[in-house]
Amino acid sequence: MSSASRRVLAEWSNRVAAEYTSATYAAQALHRAIQVGLPDELHRTALRIVGDELDHARLSHDCLTALGGADEPIPLELNALALPSPEGPLAALVDNVVRNFCLGETFAVPLFDAMRRTATHPAVQPALTRILRDEAVHRAFGWSALDALLQVDEAGVRERIIHQLPGWLEGFRKAYATMPDINTLTADELAMGLIPLSTYAEVHDQTVAQDIRVRFAERGINLQGTA
């Protein structure tokens with residue numbers, strides 16, 4: 001198999017940073033869940049997720065190293081690791097759970113599935129298999145935590161979500177569904193875990209329409225009119 005391209009190394013470097021960032025968000029979710037008094041089962045799942053995300057960061061770095069990027073810089077922004085909480089722990093937890101778990105992890109499951117389907121590199125395929133398995137747990141945590149938050153303060157939590165959700169959804173749409181495919185990926189790049197930008201867009205649209213919209217509707221939150 002050919003050596004990794006520059007965009008393969010950049011992608012895996014970005015994934016290392018993203019997984020470390022996810023670990024900090026999970027740790028903050030655990031902290032806030034304890035403060036707010038969510039059920040102990042959710043505390044334990046959040047603790048598991050912190051460990052999962054740290055494992056994912058290590059696995060991603062192992063992939064980066066195996067692909068020849070041992071010296072590749074990791075674009076970790078320390079200022080992005082702390083989520084602001086000027087409105088108190090409940091508001092901070094709602095924002096974290098909905099944006100990073102109900103949305104982020106719900107998108108992550110089909111995206112990692114798409115990556116794994118074409119990844120045949122011996123260092124990459126096992127890592128994506130483990131990450132994909134864990135992401136389903138993280139997605140479930142998000143929606144279970146949202147249900148628990150609605151029980152704490154249904155009116156307040158619902159109002160905050162309705163106010164914030166359009167902006168969060170737009171952020172994901174811009175990240176996944178608006179970038180044109182300029183260069184076709186090579187077979188080696190697909191084998192090393194990359195997927196076309198068109199696949200990101202397809203996964204985004206399908207996940208919003210068939211998963212996220214349905215889950216929010218089941219909780220009385222209407223996404224009508226959102227992309």
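Under the 4.5 Å side-chain contact rule for hydrophobic residues, F216 and I162 share a cluster. L150 and V152 fall within a single hydrophobic cluster, where Ile, Leu, Val, Met, Phe, Trp and Tyr side chains are chained together by heavy-atom contacts under 4.5 Å. With hydrophobic clusters built from ILVMFWY side chains whose heavy atoms lie under 4.5 angstrom apart, L83 does not share a cluster with L78. Hydrophobic clustering, with ILVMFWY side chains joined whenever heavy atoms are under 4.5 angstrom apart, keeps L47 apart from V137. In the hydrophobic clustering of ILVMFWY residues, with side-chain heavy atoms under 4.5 Å counting as a link, L59 and V124 come out apart.
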Checklist entry - Where do F141 and E105 land on the side-chain contact (heavy atoms from CB on, under 4.5 Å) test, with the steps shown first? => result CA-CA 9 Å; F141 166 80; E105 298 289 0; over 6 Å; no

Next on the checklist: Would L90 and L149 count as a side-chain contact (heavy atoms from CB on, under 4.5 Å) here? Give the steps.
Outcome noted: CA-CA 8 Å; L90 179 58; L149 286 165; 3.6 Å; yes

Next on the checklist: E135 vs R139, test: salt bridge (charged side-chain N to carboxylate O under 4.0 Å, His left out). Steps then yes/no.
Outcome noted: CA-CA 6 Å; E135 297 300 333; R139 175 182 61 186; over 6 Å; no

Item to check | R158/D153 under salt bridge (charged side-chain N to carboxylate O under 4.0 Å, His left out): CA gap, chis, key distance, verdict | outcome: CA-CA 8 Å; R158 190 180 302 279; D153 178 9; over 6 Å; no

Next on the checklist: Checking E218 against R215 for the salt bridge (charged side-chain N to carboxylate O under 4.0 Å, His left out) test, could you report, in this order, the C-alpha distance in whole Å, the side-chain angles of both residues, the deciding distance, and whether it holds?
Outcome noted: CA-CA 5 Å; E218 290 171 348; R215 290 177 188 263; over 6 Å; no

Item to check | Stepwise side-chain contact (heavy atoms from CB on, under 4.5 Å) test for N100 and W168 | outcome: CA-CA 10 Å; N100 297 314; W168 291 331; over 6 Å; no

Next on the checklist: Assess the residue pair L165 and L103 against the criterion (side-chain contact (heavy atoms from CB on, under 4.5 Å)); give the C-alpha distance rounded to whole Å, side-chain angles, the decisive distance to 0.1 Å, and a yes or no.
Outcome noted: CA-CA 10 Å; L165 193 53; L103 297 181; 4.0 Å; yes

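With contacts defined as side-chain heavy-atom distances shorter than 4.5 Å, the pair E87/R160 qualifies. Put simply, the side chain of L64 reaches to within 4.5 Å of the side chain of I74, judged on heavy atoms. Side-chain contact between R7 and E11 is absent, with no heavy atoms from C-beta onward closer than 4.5 Å. S144 has its side chain within reach of L42: a pair of non-hydrogen atoms, C-beta onward, lies under 4.5 Å apart. For the pair E53/H138, a side-chain contact is recorded, criterion being any heavy-atom separation below 4.5 Å from C-beta on.
Nearest heavy-atom pair across L223 and I212 is CD2-CG2, 3.9 Å. Contact record, A4 with L67: CB-O, 3.3 Å, taken as the closest heavy-atom pair. Taking every heavy atom of both residues into account, P166 and H163 meet most closely at CD-O, 3.8 Å. The nearest pair of heavy atoms linking L81 to L76 is CD2-CD1, 4.2 Å. Pairing each heavy atom of V97 with each of L146, the nearest pair is CG1-N, 4.0 Å. S13 and E72 get closest at one heavy-atom pair: CB-CG, 3.8 Å.
Atoms CE and CD1, from M115 and I195 in turn, are 4.5 Å apart once rounded to the nearest 0.5 Å. Separation of atoms CG (D55) and CZ (R48) is listed at 9.5 Å; rounding is to 0.5 Å. Taking CZ from F101 and OH from Y25, the interatomic distance works out to 10.5 Å, rounded to the nearest 0.5 Å. Annotation: the span from H43 atom NE2 to L30 atom CG amounts to 7.0 Å, rounded to 0.5 Å. One finds the CG atom of L93 at 5.5 Å from the CG atom of L38 (value rounded to the nearest 0.5 Å). Taken to the nearest 0.5 Å, the CZ atom of R213 stands 8.5 Å off from the CG atom of L169.
Other residues, nucleotides and ligands contribute only 12 or fewer heavy atoms inside 6.0 Å of the CG atom of D71. More than 12 non-hydrogen atoms from other residues, nucleotides or ligands lie less than 6.0 angstrom from CZ of R130. The environment of CD in E159 is sparse: at most 12 heavy-atom neighbours from other residues, nucleotides or ligands sit within 6.0 Å.
For the pair Q210 (side chain) and T207 (backbone), a donor-acceptor distance under 3.5 Å is absent. Under the 3.5 Å distance criterion, the side-chain polar atoms of D113 are left unmatched by any main-chain donor or acceptor of V109.
Checking H31 against Q28 by side-chain atom types alone, no donor-acceptor pair falls below 3.5 Å.
For D205 and R173, the salt-bridge test fails: no basic side-chain N is under 4.0 Å from an acidic carboxylate O. Ion pairing between E19 and R58 fails under the 4.0 Å rule for side-chain N and carboxylate O.
Under the 30°/60° scheme for interplanar angles, the aromatic rings of F107 and Y176 are found to stand perpendicular.
Checked against L190 for a side chain to side chain contact (heavy atoms under 4.5 Å, CB included), the options L185, T120, V8 give a single hit: L185.
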